[in-house]
Each structure stands twice: as C-alpha cells, then as structure tokens.
Student: 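Let me begin by handing over the structure; questions about it come next.
The first residue of the sequence shown is numbered 1, and numbering continues consecutively from there.
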Amino acid sequence: MDDQSTIPEPGGFIRQTGLPSPAPSSASTRPLAGLPHPRGHSLRPGSSKEDMVRRYVEERLLHISRRYVKKFGNPNPGDEVVGFKSFGEVAKELDGLVNVLWKSGTPSLQIPFLLKLASDFTQYVRSFPPSPRATFELLRKLDHCFASLLRGQDMDTNETLPGFENGLRAGMTTTDMVRCRSLVEQTRVLIVEVLSSGDVDDEDDEDEDEDTDMDMDGGESAAEAGGNRTPTPWDIEEERLHMDAARIYENTIVQLGERLGDPLGSENKIDSSAVCSTAD
C-alpha cells in the first residue's frame, strides 16, 4: 500500500504526497495525551518523505513566527499574514505541529523540532494574557513527547517508539538532554510568573463557562454530589490551577533525572504559594 497521508493547515495549505501514514490497526492505541499514533517505522534518513516533513515543519514554524511579529504591528490591507490575538491561537498552531512530528515516528525530526518548539513557546506565552487551558494542554503534550523520547517507549502504552528498536542510541544526546532540562526549568518558573501577571484571557473564561453550563445541565455538581450544597467553582478552578502548575513537565523531569543521574525535581519544585497569588 502506498504510504500516503494528509496534513491540513489553516489557510488552505495542504500536502498530500507521502506524509507519515498511521500505524497498522493492530497498534492503533491512541495515547492519553491526545497525540496521534506514530507511524510504524521511522522515515528513512535523507528520503524525500523525511525532507518533506522537515520542510513542512520549518515553513509552519516560520509562519507562526511571522504571525507573532505581526501581533506588535498595524495590519496592512490585503496582508495574508494576520497577527495572533490570543495565546490560544498560538497554542493551536503549535499543537498541530506537535501532532505532525509525533506521527512522523522519526526521532531525528522529533527531537530538534520539539526542542525548538518548546523554546519558541517560552517566548510566545509571555506576550499574551494568561490562557491556562491552552497552555497546560500544550505542555502536557510536550511532556508526553519528551518523556517518551527519553525513555524510548510511549509513556501511556509502553510501546517501543519507532527508531528505538535497537535501544536509546537514536534518542537524545547528552547535549539534547541538557538543553531539555534548561527548557523544563525555565518553563516551570515562567508559567508561574505568567499566571500571576494578570487576568485570564477571555477565551479561556468562555471555555470555563461552557463547562460550568454543561455541569449544571447535567444535574448536581461534584460538590453537591459529595454533600456540599454550596458549590464553590472558583475554589475548584484555583486548586486545579495549582495542581497543573506543579505538574508541568513532571514526566520529563523523572526521565531526565534517570538519564542524567540527578533529581531535577528536587531542585526545581514549584512553590504552590506563588501560584496562589493568581487568584488574589
């Protein structure tokens, strides 16, 4: 069967020749992180398919960068590149690239581009009002990817990842791991600062309102079901925010500690009191 797949892209940009295809149905378990299942085998180094995926990701990263720059300028009539209005829009673009890279099943593409993407994330996230939902969902995906690549196995399914059939030689080098650790440390501190910096983005508020409405339509809230007849949704959301902040890159931290031989988590534990100020 011809190895064909389609990668959609906002704005009508679609490539449909030889992109990574899904793995066979016998191994079609979808990771809990919401990532697509990687293809059965890594793309051959130097092949046209590997080059096509590389060029696609490079083009998309450049497009995202241009949209980010446009955020700070006045839009010109007829300009095809529109600046981002919220971090939710940025996260959606980055999320799509994470999916493409993960589906490629090719560590030589995944490792450098995911590190690049995680680095770009730290620049973009600080330039918009806090958007906890979009932020944590993207970080959970990145955590799954990095931890799995460090381990050579999917963190959810324990399946051996494509490219790691002969061990961890195809995985991160020591230089990659040191860079990853630096990004993890920087991101954990940065997100606390971002969440403490101002009001949550309106789009995040709307998402939360929808969830609340659904709970109300469905009957008793969790608090009511537990015997508390005075629901406190703000307290619940605040507590969830604290927990999410403390769990940033939690699996990656464990795997980096095992690979590098030092307990990163003990040196970089988030003080929950710092996050509490977001609700003050």
Student: In terms of hydrophobic clustering (I, L, V, M, F, W, Y; side-chain heavy atoms under 4.5 Å; direct or indirect links), are Leu61 and Leu142 co-clustered?
Tutor: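 Leu61 and Leu142: one cluster.
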
Student: Do Glu93 and His63 have a side chain donor and acceptor closer than 3.5 Å?
Tutor: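 No, no side-chain donor-acceptor contact under 3.5 Å.
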
Student: Does the side chain of Arg140 reach to within under 4.5 Å of the side chain of Arg247, using non-hydrogen atoms?
Tutor: no

Student: Is there side-chain contact between Leu117 and Val57, with at least one heavy-atom pair below 4.5 Å?
Tutor: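 No, side chains not in contact.
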
Student: Go through Phe128 and Lys85 one step at a time and tell me if the side-chain contact (heavy atoms from CB on, under 4.5 Å) criterion holds.
Tutor: CA-CA 8 Å; Phe128 297 88; Lys85 296 180 180 179; over 6 Å; no

Student: So does Met177 get a backbone contact from the side chain of Arg259, meaning a donor-acceptor N/O pair under 3.5 Å?
Tutor: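 Pair absent, no side-chain N/O of Arg259 close to backbone of Met177.
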
Student: Would you compute the distance between atom CG of Leu43 and atom CE of Met52 and round it to the nearest 0.5 angstrom?
Tutor: 8.5 Å

Student: Once rounded to the nearest 0.5 Å, what's the spacing between atom NZ of Lys70 and atom CD of Glu80?
Tutor: 10.5 Å

Student: CG/Leu149 to CE/Met172 distance, rounded to the nearest 0.5 angstrom?
Tutor: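 Going from the CG atom of Leu149 to the CE atom of Met172 covers 5.5 Å.
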
Student: Would you please indicate if the ring centroids of His144 and Trp102 are separated by under 6.0 Å?
Tutor: yes

Student: Quick one, Arg179 with Thr175, criterion side-chain contact (heavy atoms from CB on, under 4.5 Å). Give me CA distance, side-chain angles, the key distance, then yes/no.
Tutor: CA-CA 6 Å; Arg179 183 184 178 193; Thr175 300; 5.6 Å; no

Student: CD of Gln186 to OG1 of Thr122: how many Å apart, nearest 0.5 Å?
Tutor: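 The CD atom of Gln186 sits 4.5 Å away from the OG1 atom of Thr122.
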
Student: Any Lys/Arg nitrogen of Glu50 or Arg44 sitting under 4.0 Å from an Asp/Glu carboxylate oxygen of the other?
Tutor: no

Student: With clusters defined by side-chain heavy atoms of hydrophobic residues (ILVMFWY) lying less than 4.5 Å apart, directly or transitively, does Phe72 cluster with Ile64?
Tutor: yes

Student: Which atoms form the tightest heavy-atom contact between Val53 and Ser104, and what is the distance?
Tutor: CG1-CB, 4.5 Å

Student: So, for Phe84 and Glu89, which heavy atoms are closest and what is the spacing to 0.1 Å?
Tutor: CA-OE1, 3.4 Å

Student: Going from NZ on Lys141 to CG on Leu97, what distance comes out if it is rounded to the nearest 0.5 angstrom?
Tutor: 11.0 Å

Student: Is a donor on one side and an acceptor on the other found under 3.5 Å between the side chain of Arg39 and the backbone of Gly105?
Tutor: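 Looks like no, no N/O pair under 3.5 Å.
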
Student: Could you pull out all residues at least two apart from Asp176 that satisfy salt bridge (charged side-chain N to carboxylate O under 4.0 Å, His left out)?
Tutor: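 None.
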
Student: Shortest non-hydrogen contact from Val194 to Pro130?
Tutor: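 For Val194 and Pro130, the tightest heavy-atom pair comes out as O-CG, 3.2 Å.
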
Student: Please tabulate, for side-chain N and O atoms in residues 163-170, each donor-acceptor pair with protein atoms closer than 3.5 Å (sequence neighbours left out).
Tutor:
| residue | atom | partner | partner atom | Å |
| --- | --- | --- | --- | --- |
| Glu165 | OE1 | Gly163 | N | 3.0 |
| Glu165 | OE2 | Gly163 | N | 3.3 |

Student: Do Lys103 and Pro38 touch side chain to side chain, with heavy atoms closer than 4.5 Å?
Tutor: no

Student: Judged by atom type as modelled, is there a donor-acceptor pair below 3.5 Å linking the side chain of Thr106 to the main-chain atoms of Ser42?
Tutor: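 Not confirmed, Thr106 side chain does not pair with Ser42 backbone.
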
Student: Could you state whether Met155 and Leu115 fall into the same hydrophobic cluster, counting links through intermediate Ile, Leu, Val, Met, Phe, Trp or Tyr residues with side-chain heavy atoms under 4.5 angstrom apart?
Tutor: no

Student: Evaluate Tyr124 against Leu94 for side-chain contact (heavy atoms from CB on, under 4.5 Å), listing each step before the verdict.
Tutor: CA-CA 11 Å; Tyr124 299 148; Leu94 296 177; 4.3 Å; yes

Student: Flag the pair Leu195 / Phe136 as yes when at least one side-chain heavy-atom distance between them is below 4.5 Å, and no otherwise.
Tutor: yes

Student: Please test Ser65 against Asp120 for side-chain contact (heavy atoms from CB on, under 4.5 Å), starting from the C-alpha separation and ending with a verdict.
Tutor: CA-CA 9 Å; Ser65 177; Asp120 289 348; over 6 Å; no

Student: Cluster question for you: counting only ILVMFWY and a side-chain heavy-atom cut-off of under 4.5 Å, with indirect links fine, are Leu138 and Leu190 together?
Tutor: yes

Student: Phe121 ring centre to Lys116 NZ or CZ under 6.0 Å, with the angle to the axis within 45°?
Tutor: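 Lys116 over Phe121 ring: no.
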
Student: Would you say the side chain of Arg55 lies within less than 4.5 Å of the side chain of Asp51, judging by non-hydrogen atoms?
Tutor: yes

Student: With a 4.5 Å cut-off on side-chain heavy atoms, are Pro132 and Asp244 touching?
Tutor: no

Student: Does some side-chain heavy atom of Asn251 sit less than 4.5 Å from a side-chain heavy atom of Gln255?
Tutor: no

Student: So, using side chain to side chain donor-acceptor pair (under 3.5 Å) as the criterion, who are the partners of Thr160 when residues are at least two apart?
Tutor: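 Applying side chain to side chain donor-acceptor pair (under 3.5 Å) to Thr160 gives none.
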
Student: Can you name the closest pair of heavy atoms from Tyr56 and Val100 and give their distance?
Tutor: CE2-CG2, 4.1 Å

Student: In Å and rounded to the nearest 0.5 Å, what is the CD to CD1 distance from Glu185 to Ile253?
Tutor: 8.5 Å

Student: What residues, two or more places apart in sequence or in another chain, satisfy salt bridge (charged side-chain N to carboxylate O under 4.0 Å, His left out) together with Glu137?
Tutor: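 Per chain and number, Glu137 pairs via salt bridge (charged side-chain N to carboxylate O under 4.0 Å, His left out) with no residue.
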
Student: Heavy atoms, side chains only, cut-off 4.5 Å: are Asp143 and Val184 in contact?
Tutor: no

Student: Does Tyr68 have any side chain to side chain donor-acceptor pair (under 3.5 Å) partners at least two apart in sequence or in another chain, and if so, which?
Tutor: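 Residues passing side chain to side chain donor-acceptor pair (under 3.5 Å) with Tyr68: Ser127.
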
Student: Listed by chain and number, what are the salt bridge (charged side-chain N to carboxylate O under 4.0 Å, His left out) partners of Arg151, not counting sequence neighbours?
Tutor: none

Student: Specify the closest pair of heavy atoms between Leu183 and Ser119, including all atoms of both residues, with the distance to one decimal.
Tutor: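 Scanning both residues, the minimum pair turns out to be CD2-CA, 3.6 Å.
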
Student: Could you pull out the closest heavy-atom pair between Cys180 and Phe146, with the gap in Å?
Tutor: SG-CG, 4.1 Å

